[in-house]
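Below: one structure, written as structure tokens.
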Amino acid sequence: MADEVPPQRYTAALANEIEHKWQDRWDDQHVFETPNRTGLLSEDAHHVADRPHMFVLDMFPYPSGVGLHVGHPLGYIATDVYARFQRMNGFNVLHAMGYDAFGLPAEQYAVQTGTHPRETTEANIANMKRQLRALGLGHDPRRGPATTDVQYYRWTQWIFLQIYNSWYDDDAQRARPIGTLVQEFRAGRFPTPDDIPFDELEDLDQRRLVDSYRLAYEAYAPVNWCPGLGTVLANEEVTGDGRSERGNFPVYRRPLKQWMLRITSYADRLLDDLESLDWSDSIKQMQRNWIGRSTGASVRFPVEGHEDLDIEVFTTRPDTLFGATYMVLAPEHPLVDVVTANQWPDDELSNDFASNPLDAWKGVFGATDPPPDAVRRYRDFAAAKTDLERQTETKEKTGVFIGAFAINPTNNERIPIFIADYVLMGYGTGAIMAVPAHDERDFEFAREFELPIVPVIRPGDEWLTEHNADPDDAATWPEAYVGDGVAQNSANEEVSLDGLRVDDAKRVVTEWLERAELGRPTVTYKLRDWLFSRQRYWGEPFPIVYDDEGPIALPDEMLPVVLPEISDFEPVTSDDPDALPEPPLARAADWVEVDLELPGPGWGGYGEGVHTYRRETNTMPQWAGSCWYYLRYLDPTNEDTMVDPQIEATWAEGTRVDGSPKVGLVDLYVGGVEHAVLHLLYARFWHKVLFDLAYVSTIEPFQRLVNQGYILAAAFVDGRGTYVDAEQIEERAGKYYFEGKEVKREFGKMGKSLRNAVAPDDIYRDYGADTLRLYEMFMGPLDKERPWSTADIVGVHRFLQRLWRNFVDENTGESRVADAPADDETRRLLHRTIDAVRTDMAELSFNTAIARLFELNNHLTALVQRTGALPLEVASPLALMVAPLAPHVAEELWSRLGHDDTLTYESFPTADQQWLVEERVEVPVQINSKVRARVEVAVGADAAAHEAAARAEPRIAEMLVGATVRQVKVVPGKIVNFVLA
RNA sequence: GCGCGAGUGGCGGAAUUGGCAGACGCGCAGGAUUCAGGUUCCUGUGCCCGAAAGGGUGUGGGGGUUCAAGUCCCCCCUCGCGCACCA
């Protein structure tokens with residue numbers, strides 16, 4: 001069998017031989033080492049001095065211990081094809097791969113086995129590097145740091161210090177060094193405690209005041225505490241049903257003192273600058289939703305019986321203020337305890353309300369006891385609900401009256417105050433004015449609790465007709481009216497909104513609120529500050545120590561703060577939500593206690609002499625290292641600075657796809673959609689801080705983002721609902737069997753959990769790496785999910801075999817390429833192919849580029865069979881066009897054409913216009929829009945010539961006999977259509 | 001519920017500005033090579049009628065605009081993803 005295969009056929013064995021040979025050669029000759037134009041790594045810059053620069057980036061991987069499956073490298077192959085293509089277009093392309101190596105799995109493995117996480121991590125990185133090298137990825141090996149390298153995280157710590165030592169100047173809309181804040185205090189721009197001049201404040205007060213403005217600060221605030229992981233988590237790491245994204249443990253809201261980063265100061269810029277990025281609309285929309293900006297007004301409602309107390313609410317519908325008939329506070333709102341009455345109000349209610357609804361307002365929680373007990377009971381009820389219950393439960397409104405009244409400032413009506421869990425403490429002010437006529441939730445609540453519903457916007461006639469509703473009587477309404485309309489019942493002595501449409505009414509009422517000092521225009525965000533500390537071992541230590549008064553930043557010279565060696569890596573985990581976080585580093589006693597002489601700025605008196613300090617024992621979250629790794633790729637060996645600004649500036653040059661100057665540093669960033677809000681938001685935030693502080697010249701990190709689709713694969717479930725190994729499935733007559741028993745087929749993301757992973761090593765063995773690369777690129781558009789089918793691989797493998805055979809005699813190994821001219825038809829096809837492949841590659845449309853190459857190669861197969869030779873003028877450009885996709889075989893063919901150097905830096909072929917223009921073109925002829933014939937006309941022929949040619953076509957002529965031609969439509973070069981009467 | 005995306009042969013997928021639907025690949029059928037299987041090469045392959053010529057029909061469903069619609073407009077269905085009491 002195998003012995004009958006021709007000795008020089010392109011089989012897996014030959015492919016592997018070629019692949020190893022070229023991978024070794026690329027390394028030996030440093031082919032993919034990309035020089036900087038200036039600074040470090042610029043020794044070879046003369047090669048590229050005049051080349052434009054391009055930065056092509058992958059989301060770097062976590063070096064997992066289980067190794068890669070074929071779904072992982074999809075994006076890496078795509079960026080590699082693009083990077084190779086652009087190198088051949090004359091760009092100096094930066095393409096490298098680092099490792100996001102801090103994180104839980106290595107630490108959990110360490111807990112189980114005692115193996116130091118560093119050891120596990122390094123072994124995993126080595127294995128992953130081996131697997132990626134086998135794919136032939138053209139990475140600069142000098143530029144891929146691991147976030148766990150001390151020389152890397154030293155700069156992560158340094159960036160933290162920059163953030164810590166900055167404050168956000170809202171007027172200038174940018175971060176500024178903390179020193180300038182002191183100047184502002186001295187100049188009197190910001191208030192000081194008790195209006196004491198800054199320099200007359202106690203040192204400690206100065207320090208506290210300044211600390212409260214920093215972009216990195218400690219806060220005692222409700223955070224996501226996950227006892228199951230033994231750590232706190234960022235909002236972004238908690239799933240919708242209140243569990244940890246990692247490990248799926250329950251998460252509890254608890255007030256704890258933690259490090260926070262002031263990302264909310266950047267909310268507007270993070271939102272607005274999305275406009276200038278070439279990202280998909282869906283990712284932009286996900287970021288917009290996460291930031292959640294809404295504009296409206298905050299309004300202060302006086303509270304009856306509390307002269308100097310107002311409750312502030314936020315609303316996006318200030319135009320409906322006259323219709324506010326009650327108020328709702330979040331159950332945990334701090335003013336609830338102040339405002340709650342001791343007794344229920346008595347009959348006086350019936351003076352203000354048509355009937356006495358007190359019993360309805362008390363509901364089940366206040367039925368028997370006075371308001372304070374009702375409040376306590378309701379709070380217990382609300383707190384006991386998990387987030388999951390809140391979600392799955394029908395959104396039935398619950399709540400209770402707290403016995404107190406606020407005053408609607410527009411009309412001085414008494415409005416009852418409720419607490420209800422449909423108002424969230426975490427958004428706006430944690431209190432709302434309820435306008436049941438024009439808000440669905442308030443409407444439901446009002447119906448439930450028999451509260452008045454006052455229409456202040458007249459619904460459109462269509463809505464009124466449809467619901468058979470009376471515009472003045474909300475009792476006839478089936479639901480709230482939330483659309484546009486004309487304001488009504490909205491006038492007092494100072495202001496009238498009546499007759500205004502919603503937008504105008506908003507403006508007018510907001511102006512009045514400001515004049516009357518009752519409120520002001522306000523913008524709120526869903527985005528919260530970023531919880532930045534974790535109770536883990538395997539992360540970056542903070543460059544922070546404490547004295548008795550609080551945190552102190554270490555000076556740059558004391559970096560890096562190296563992670564101490566300890567033996568017990570285990571965080572204290574528990575099922576008890578009341579357990580306290582306890583970081584493993586706290587156990588490293590000789591590391592935690594440290595004697596230092598700090599050259600402090602003078603506040604707090606910690607600058608003089610050697611003192612004993614305690615180190616911060618929390619570590620940074622995994623996102624810290626991934627926030628800036630792309631910057632380190634630019635200047636990975638620099639020991640003096642994070643990145644040489646001049647080097648950053650050269651890589652920042654360039655244009656967007658549409659030719660306008662780019663605002664983001666990285667030209668193309670490819671990665672998974674799962675980072676839509678986490679990594680991509682955090683990295684943008686850090687980049688903007690670094691921009692404000694003039695460490696980088698770009699306002700955004702990633703100009704163009706492409707999310708590659710997942711690779712799906714068939715997965716099989718047995719009768720018990722367990723996934724079984726997809727490799728052991730037998731198919732018979734459209735049914736699937738595992739160990740003889742029938743199983744059900746599903747499709748899902750390839751991976752360990754569905755037991756449907758395919759290892760790249762198996763594919764190399766059976767087909768070679770070039771085949772794998774080509775297959776992954778041929779499966780479909782990069783950004784679409786696609787089902788893996790090992791059976792389909794033979795298609796691209798056959799292409800490579802045919803390609804090989806067209807160049808090389810399978811039996812003798814001799815070249816079949818001859819320096820003879822190609823015929824015109826072949827030339828035309830070649831140049832059309834070049835033209836199309838160029839366009840497709842530039843648009844990342846690799847699947848269609850490959851299809852074009854198939855067509856050309858199929859044509860050549862017939863040609864070689866007919867003539868016995870492949871013309872050199874076709875062979876050379878073909879090898880070059882294949883090179884980005886299947887670089888090993890292309891290099892081999894190129895060298896067999898007599899070239900000594902790698903083709904990496906050869907020019908990508910350019911189509912000769914002469915061979916793109918056809919002399920004659922075939923045009924379909926339609927009768928009544930159905931194609932009935934085709935005619936050939938000269939290119940550039942006019943409409944009359946087209947019509948004449950069509951009429952001369954025998955079949956058309958026949959069909960036109962005796963028919964009345966009502967109209968003839970001609971689009972020259974495209975179509976002729978006879979419209980008959 | 002809101003937002004985004006997608007629905008095209010047996011399968012993966014192609015189709016600038018509306019202008020020959022199904023490129024390319026898999027699979028399938030037939031043929032050549034072969035003792036045979038496999039490989040390789042050639043031919044065919046949306047569906048229906050037909051020996052063929054040819055005809056009809058066809059891009060989730062329904063309507064519309066147009067000489068012409070996968071593409072534009074309106075309504076609906078299904079699937080995937082994200083968000084979800086955000087005031």
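Below, chains carry the letters A, B, ... as their sequence lines are ordered, and counting in each starts from 1. Computed from a prediction, not measured in an experiment: that's the story for all the values here.
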Just to be sure I understand the rule, does [X] reach a base, reach only the sugar-phosphate, or reach nothing, if contact means heavy atoms closer than 4.0 Å?
X	answer
K930(A)	sugar-phosphate
D442(A)	nothing
R288(A)	nothing
E810(A)	nothing
R966(A)	nothing
N928(A)	nothing

Rounded to the nearest 0.5 angstrom, the CG-CH2 distance for L678(A) and W290(A) is 7.5 Å

Only one of T264(A), L270(A), I263(A) forms a side-chain contact (heavy atoms from CB on, under 4.5 Å) with I291(A), so which one is it?
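Answer to the side-chain contact (heavy atoms from CB on, under 4.5 Å) test with I291(A) among T264(A), L270(A), I263(A): L270(A).
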
Taking atom types as they are modelled, would you say the side chain of N289(A) forms a donor-acceptor pair with the base of C83(B) within the 3.5 Å cutoff?
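Per atom types, no contact qualifies.
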
Counter-base of [N], judged by Watson-Crick or G-U geometry with both distances under 3.5 Å:
N	answer
C2(B)	G82(B)
U71(B)	none
A32(B)	U40(B)

For F978(A) and G19(B), give me the distance from atom CZ to atom C1', rounded to whole Å.
15 Å

